[in-house]
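Since this is a predicted model, take the numbers as computed values, not measurements. Residue numbers start from 1 in every chain, and the chains themselves are labelled A, B, ... in the order their sequence lines are given, proteins ahead of strands.
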Amino acid sequence: MALRFHNTLTRSQEEFRPLDPAGQKVRLYCCGPTVYNYAHIGNLRTMVFFDLVRRHLEIRGFHPQHVMNITDVEDKIIRTVQESGEPLSLLTRRFEAAFFEDLDLLGCKHPHESPRATEHIPQIIAFIEKLEKKGVAYKTQDGSVYFSIEKFPCYGKLSRLDLNQLKPGARVSQDEYARETYGDFALWKAHTERDGNIFWESPWGRGRPGWHIECSCMSMQHLGETIDIHCGGEDLIFPHHEDEIAQSEAATGKPFVRYWLHSAHLLVNGEKMSKTAGNFFTLRDLIEKGFTGREIRYALGSVHYRLPLNFTLEGLHAARQALHRLEEWADRLHACCAKTQAASSGGLLAGFLEALDDDLNISEALGSLFQIRRETSGQMDRNELSAGKAAELWQDWKQIEQLLGLPDNPAQEAPADVTALAEKRLAARKAKDWKQSDELRVEIQTKGWTVKDTPEGYKLTRA
RNA sequence: GGCGGGUUAGCCAAGUGGUAAGGCAGGGCUCUGCAAAAGCCCCAUCGUCGGUUCGACUCCGACACCCGCCUCCA
């Protein structure tokens, strides 16, 4: 079966075929971070999803061109700047760097390009002028420019919202200027006192871009007027992506995006994790609790992207254990195949990829992996697994590890004092002095290490 | 109120019109000086009520509860 994705636009699963006539190049745009604070792991779950989309495309022979915007001017950024006094670019560069560090810790590939909104102001202005010429944008008295959704008849096709049916009394925007129609959205926001020195000159006076326009503009500049895949969190469906479609398609008359992919939220105690709710963990919080990027990556990536992921420390422990068993198995395979080269794939990879072809069905993929893990563990116990087969499986595993983006755990060399204790214990065991041996094991444990006895001698692991 | 999504064992979770993958936790056993690690085994009838069907957890219809979106949001 071919690669299929669930397209939010049609709310159904569709076979993926890129626009490229050769069927190789894939224009992939992902909605990136707003850099005014550390990302929380809900944000990062989405990044892990993006990374899986990309890696799976790559392993299936496509050549994705991956672009992710950096939103470095926006209301909350400006508020933070005004409160802290730190210059805009210092603040945003600091958190942009932190964001990329997080990607590294989680083994997410960096996008090929990560354009910043503030470095595309002239293009954004040109884009808005184009919309004005098309007659779908209008300037208000205060010098802002709005998009008129009445001029775009398919407005609402992505979110399937009927703007006339909005709940009365639902959140009404605070930044009401003189919009003609409720639902019109800002392309350009006029400068106000609150913005301080953050503004750009434009044909409409001083101001800054609206939130949605940067994605349309940079997507088009870096990938073209119609792109293949646009990814984001599901909360962006409305209004962000709806507005992107409106302004982009109004400007070009062409379809903006062919496949819209949205990931579900990460929940804490059944509620959406968000900065405003205050119920969030950053990656740094979890690393401090002793989890590795590899474990966190597995935990974030092992639940299907369109399902809410209820995040718990228990879940992280489960991820740690599951990974550990895979690693033990892989080590045994490696020892078993020693010097043998794999002649071909062991079939493990093929099954894994087929599962992922089905809208990235990670659960089925992992299920098939664990099933083979168990079968072949038993075979190794009974000495029934050939070196050739072990080599094939090992090779498949290494590819799956890549596909899952599992970063290596930090090197764990036991410190000299711990090694010395282990050596002392080895001697005690040889002398069959079990009492001293056990005392030494406890002592090693209190230093944060676990000693295991294997036929080849002792093995130290982080407790 | 509108629009989406969900409800499978203690927890996470796949899946099919013919009697439920996998992971974590738990229990038993093997191995081990004892452990650890590893292996084997055990552990659900799929939210409720109706309907269609020879047969539904899987199809249809109600209902209940949960979550998200309805212009801060990944």
Side-chain angles (χ1 to χ4, degrees), chain A residues 8 11 30-34 39-50 74-76 79 156 159-175 182-186 211-212 231-240 242-243 262-267 270-277 298-299 302-304 306-310 312 314-326 328-329 331-332 355 358 361-371 373-374 377-382 429 432-435 437-438 441 445 450-454 458-459 461:
Chain A
T8 308
R11 308 288 161 110
C30 301
C31 271
T34 301
H40 61 60
I41 56 166
N43 301 323
L44 294 172
R45 182 214 185 170
T46 303
M47 301 305 141
V48 166
F49 155 59
F50 296 165
E74 175 265 2
D75 292 9
K76 280 179 304 223
R79 199 186 312 140
S159 57
R160 304 193 179 186
L161 284 179
D162 178 354
L163 290 189
N164 299 318
Q165 292 287 316
L166 285 180
K167 183 182 182 180
R171 271 187 281 166
V172 176
S173 165
Q174 299 86 346
D175 57 28
Y182 181 74
D184 287 355
F185 56 91
W211 173 36
H212 318 293
C231 301
E234 64 181 354
D235 52 351
L236 297 185
I237 295 171
F238 189 86
H240 188 53
E242 195 69 70
D243 291 349
H262 292 97
S263 59
H265 290 301
L266 184 138
L267 312 177
E271 302 281 322
K272 178 175 152 184
M273 177 176 284
S274 75
K275 287 181 185 156
T276 39
Y298 185 92
S302 57
V303 172
H304 184 81
R306 287 194 290 111
L307 233 48
L309 192 168
N310 194 23
T312 60
E314 189 189 2
L316 258 185
H317 276 107
R320 166 178 286 172
Q321 289 305 114
L323 255 183
H324 181 71
R325 295 187 74 200
L326 287 172
E328 290 281 334
W329 166 72
D331 284 350
R332 288 181 75 194
D358 179 16
N361 190 337
I362 190 69
S363 300
E364 191 177 319
L366 290 173
S368 70
L369 171 62
F370 276 98
Q371 221 153 349
R373 186 211 67 85
R374 190 176 54 185
S377 284
Q379 288 169 1
M380 282 189 280
D381 280 353
R382 299 186 298 273
R429 291 188 74 239
K432 295 199 190 292
D433 183 348
W434 308 127
K435 187 166 179 291
S437 166
D438 288 349
R441 181 164 62 205
Q445 192 76 39
T450 301
V451 61
K452 293 188 280 187
D453 299 317
T454 72
Y458 66 82
K459 202 169 151 188
T461 53

| field | Nearest-angstrom distance, P atom, A38(B) to C49(B) | value | 42 Å

| said: Measure CG/L326(A) against P/A37(B) and give the value in whole Å, please. | reply: 15 Å

| message | Going by the rule ring-ring contact (aromatic ring centres under 6.0 Å, His included), which residues pair with H212(A) if we only count those two or more places apart in sequence or in a different chain? | response | F185(A), H240(A)

| said: For a quick check of understanding: with a heavy-atom distance under 4.0 Å over all strands, which category does M273(A) fall into, base, sugar-phosphate or nothing? | reply: base

| Pairwise C1' distance for C63(B) and G6(B), with rounding to whole Å | 16 Å

| Can you name the closest pair of heavy atoms from L266(A) and G42(A) and give their distance? | CB-CA, 3.7 Å

| Under 4.0 angstrom, heavy atoms only, what part of the nucleic acid is R11(A) near: base, sugar-phosphate, or nothing? | sugar-phosphate

| request: Among the candidates G33(B), A14(B), C70(B), find the nucleotide nearest to the side-chain atoms of L307(A). | output: A14(B)

| How far, in whole Å, is A36(B) from C73(B) if one measures between their C1' atoms? | 46 Å

| field | Q445(A) to T450(A) - nearest heavy-atom pair and separation | value | NE2-OG1, 3.6 Å

| message | To the closest 0.5 Å, what do you measure between SG (C231(A)) and CG (L236(A))? | response | 11.0 Å

| Is the phosphate of C69(B), meaning OP1 or OP2, less than 4.0 Å from a side-chain N or O of K272(A)? | yes

| task | Quickly work out the L369(A) CG to A13(B) P distance and round it to whole Å. | result | 19 Å

| message | Distance check needed: C72(B) P versus F238(A) CZ, whole Å only. | response | 10 Å

| task | Give the nucleotide from the list C34(B), C69(B), G39(B) with an atom nearest to the side chain of D438(A). | result | C34(B)

| note | B/S/- along nucleotides 20-25 of chain B (protein heavy atoms under 4.0 Å) is -BSSSS

| query | Just checking G315(A): base, sugar-phosphate only, or nothing, at a heavy-atom cut-off of under 4.0 Å? | reply | nothing

| query | NA contact type, S377(A), heavy-atom cut-off 4.0 Å: base, sugar-phosphate, or nothing? | reply | sugar-phosphate

| request: Using the P atoms only, state how far C11(B) lies from U45(B), rounded to an integer number of Å. | output: 14 Å

| query | Mind checking what makes salt bridge (charged side-chain N to carboxylate O under 4.0 Å, His left out) contact with R306(A), not counting sequence neighbours? | reply | D359(A)

| message | Only pairs with both distances under 3.5 Å count, Watson-Crick or wobble alike; so what is the partner of C31(B) in this structure? | response | none

| field | Separation between the P atoms of C69(B) and A74(B), rounded to whole Å | value | 12 Å

| field | Pair partner, U48(B) [Watson-Crick or wobble, under 3.5 Å] | value | A62(B)

| field | Base partner of U19(B), which must satisfy Watson-Crick or wobble distances under 3.5 Å | value | none

| request: Taking atom P in both C42(B) and G22(B), compute the distance separating them and give it to the nearest angstrom. | output: 11 Å

| query | G15(B), C73(B), C70(B): which one has an atom nearest the side-chain heavy atoms of D358(A)? | reply | G15(B)

| Nearest-Å distance, NZ (K452(A)) to P (A38(B))? | 7 Å

| query | Who does G26(B) pair with, Watson-Crick or G-U, both distances under 3.5 Å? | reply | C42(B)

| request: Answer with yes or no whether the side chains of T34(A) and E74(A) bring together a donor and an acceptor at under 3.5 Å. | output: no

| message | Using a heavy-atom cut-off of 4.0 Å across all strands, would you classify H40(A) as base, sugar-phosphate, or nothing? | response | base

| field | Side chain to side chain, V303(A) and R45(A), heavy atoms closer than 4.5 Å | value | yes

| Is there a donor on the side chain of D235(A) or the base of C70(B) sitting less than 3.5 Å from an acceptor on the other? | no

| request: By nearest nucleotide on RNA chain B, pick out whichever of D453(A) and S302(A) is the more 5' one. | output: S302(A)

| Roughly how far apart, to the nearest Å, are U30(B) and A21(B) at atom P? | 28 Å

| note | Taken in chain and number order and not counting sequence neighbours, the residues that satisfy ring-ring contact (aromatic ring centres under 6.0 Å, His included) with F49(A) are Y305(A)

| said: Starting the side chain at C-beta, find the nucleotide from C3(B), A14(B), A74(B) nearest to H304(A). | reply: A14(B)

| CZ of F50(A) to SG of C30(A): how many Å apart, nearest 0.5 Å? | 4.5 Å

| Counterpart residues, ring-ring contact (aromatic ring centres under 6.0 Å, His included), relative to H317(A) (two or more places apart) | F291(A)

| Does N310(A) make a side-chain N or O approach to OP1 or OP2 of G6(B) shorter than 4.0 Å? | no

| request: Mind checking side chain to side chain donor-acceptor pair (under 3.5 Å) for S437(A) and listing every partner two or more places apart, or none if nothing turns up? | output: R425(A)

| message | Over all strands shown, is E242(A) touching base, sugar-phosphate only, or nothing at heavy-atom distances under 4.0 angstrom? | response | nothing

| field | Closest nucleotide among G4(B), G39(B), A14(B) to the N361(A) side chain | value | A14(B)

| query | Taking OP1 and OP2 of C73(B), is either one under 4.0 Å from a side-chain nitrogen or oxygen of W211(A)? | reply | yes

| task | Starting from C1' on C29(B), measure out to CG on D381(A) and report it in whole angstrom. | result | 14 Å

| said: Please report the distance, rounded to the nearest Å, between CZ in R441(A) and P in A37(B). | reply: 11 Å

| Rounded to whole angstrom units, what separation is found between the CD1 atom of I237(A) and the P atom of A74(B)? | 14 Å

| field | Separation between the P atoms of G4(B) and G61(B), rounded to whole Å | value | 14 Å

| task | Would you state whether a donor and an acceptor, one from the side chain of R45(A) and one from the base of A74(B), lie under 3.5 Å apart? | result | no

| request: Would you kindly give the CG-to-P distance between L161(A) and G4(B), to the nearest whole Å? | output: 9 Å

| Who does G1(B) pair with, Watson-Crick or G-U, both distances under 3.5 Å? | C70(B)

| Given C3(B), A74(B), G39(B), which nucleotide is nearest the side-chain atoms of R332(A)? | G39(B)

| message | What's S159(A) touching, base or sugar-phosphate or nothing? Going by heavy atoms closer than 4.0 Å. | response | sugar-phosphate

